[in-house]
Amino acid sequence: QVQLVESGGGSVQAGGSLRLSCAASRYTYSTYHCMGWFRQAPGKEREGVAAISTGGGFSYYADSVKGRFTVSQNIGENTLYLQMNSLKPEDTAMYYCAADPFTSSRYCSGGYSRGHFWGQGTQVTVSL
């Protein structure tokens with residue numbers, strides 16, 4: 001059974017930082033090649049923010065977050081992270097952790113993952 005639990009969201013002023021965490025079941029991390037972060041703002045479609053291959057640690061970032069966000073993982077603790085710096089109001093959204101059983105490591109780092117199993121989400125609000 002796939003379990004993903006996000007934490008770390010909150011409210012911050014523009015220019016601030018937050019670190020999101022996603023606690024995954026051991027089954028998830030030992031089975032799936034691709035983990036990612038997605039976000040959805042009100043009235044908008046869900047979009048991929050960052051992804052990482054669980055095997056090689058190769059990462060992908062959406063253009064809108066490159067240079068500001070960093071995805072990382074602690075495989076021993078089955079945890080996925082998203083460090084978000086220089087936050088902007090347009091980063092405001094519900095952020096979801098996702099495990100993808102269908103995307104290989106190669107295509108994960110190319111940004112092709114669309115997720116499959118989802119956490120409940122954690123809200124990030126950035127104000128001016």
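Atom set for the values below is all heavy atoms of this structure, side chains included, hydrogens, waters and symmetry mates excluded.
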Return the minimal non-hydrogen interatomic distance between [X] and [Y], and the atom names on each side.
X      : Y      : answer
Ala98  : Gly115 : CB-CA, 3.9 Å
Cys97  : Leu80  : SG-CD2, 3.9 Å
Gln123 : Ala93  : NE2-O, 3.4 Å

Under the salt bridge (charged side-chain N to carboxylate O under 4.0 Å, His left out) definition, can you give me all pairs with a residue in [range], not counting sequence neighbours?
range          : value
residues 7-18  : none
residues 62-81 : Asp63-Lys66, Arg68-Asp91
residues 4-17  : none

Which residues pass the side-chain hydrogen bond (donor to acceptor under 3.5 Å, both in side chains) test with [X], not counting sequence neighbours?
X     : answer
Ser7  : none
Tyr32 : none
Ser17 : Asn85

For this session: Write out all pairs satisfying side chain to side chain donor-acceptor pair (under 3.5 Å) with one or both partners inside residues 44-61, taking only residues at least two apart or from two chains.
Result: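 Passing the test, one end in residues 44-61: Arg39-Glu47.
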Problem set entry | Within-4.5 Å side-chain heavy-atom neighbours: Val124 and Leu18 |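 The answer is yes; the side chains approach within 4.5 Å.
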Exercise. Taking side chain as C-beta onward, heavy atoms only, is Gln13 less than 4.5 Å from Val126?
Worked result: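 With C-beta onward as the side chain, the pair stays apart.
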Exercise. Do Val5 and Val2 share a hydrophobic cluster (ILVMFWY, side-chain heavy atoms under 4.5 Å, transitive)?
Worked result: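 No.
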Partners of [X] by side chain to side chain contact (heavy atoms under 4.5 Å, CB included), sequence neighbours excluded?
X      : answer
Asp100 : Cys34, Phe102, Thr103, Ser113
Tyr112 : Tyr107
Thr31  : Tyr27

For this session: Quick one: name the residues clustered hydrophobically with Phe38, using the 4.5 Å side-chain heavy-atom rule over I, L, V, M, F, W, Y, and just say none if it's on its own.
Result: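 Hydrophobic cluster check, Phe38: joined to Met94, Tyr96, Trp118.
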For this session: Share the residues that join Tyr81 in a hydrophobic cluster, the rule being Ile, Leu, Val, Met, Phe, Trp or Tyr side chains under 4.5 Å apart at the heavy-atom level.
Result: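 Reading the cluster by chain and number, Tyr81 sits alone, since nothing else belongs.
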For this session: For the pair Thr122 (side chain) and Gly9 (backbone), establish whether a donor and an acceptor sit closer than 3.5 Å, ignoring hydrogens and angles.
Result: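 At least one qualifying donor-acceptor pair exists.
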Exercise. Taking atom CD of Gln120 as the centre, does the number of heavy atoms from other residues, nucleotides or ligands within less than 6.0 Å exceed 12?
Worked result: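 It does: Gln120 CD has more than 12 such atoms within range.
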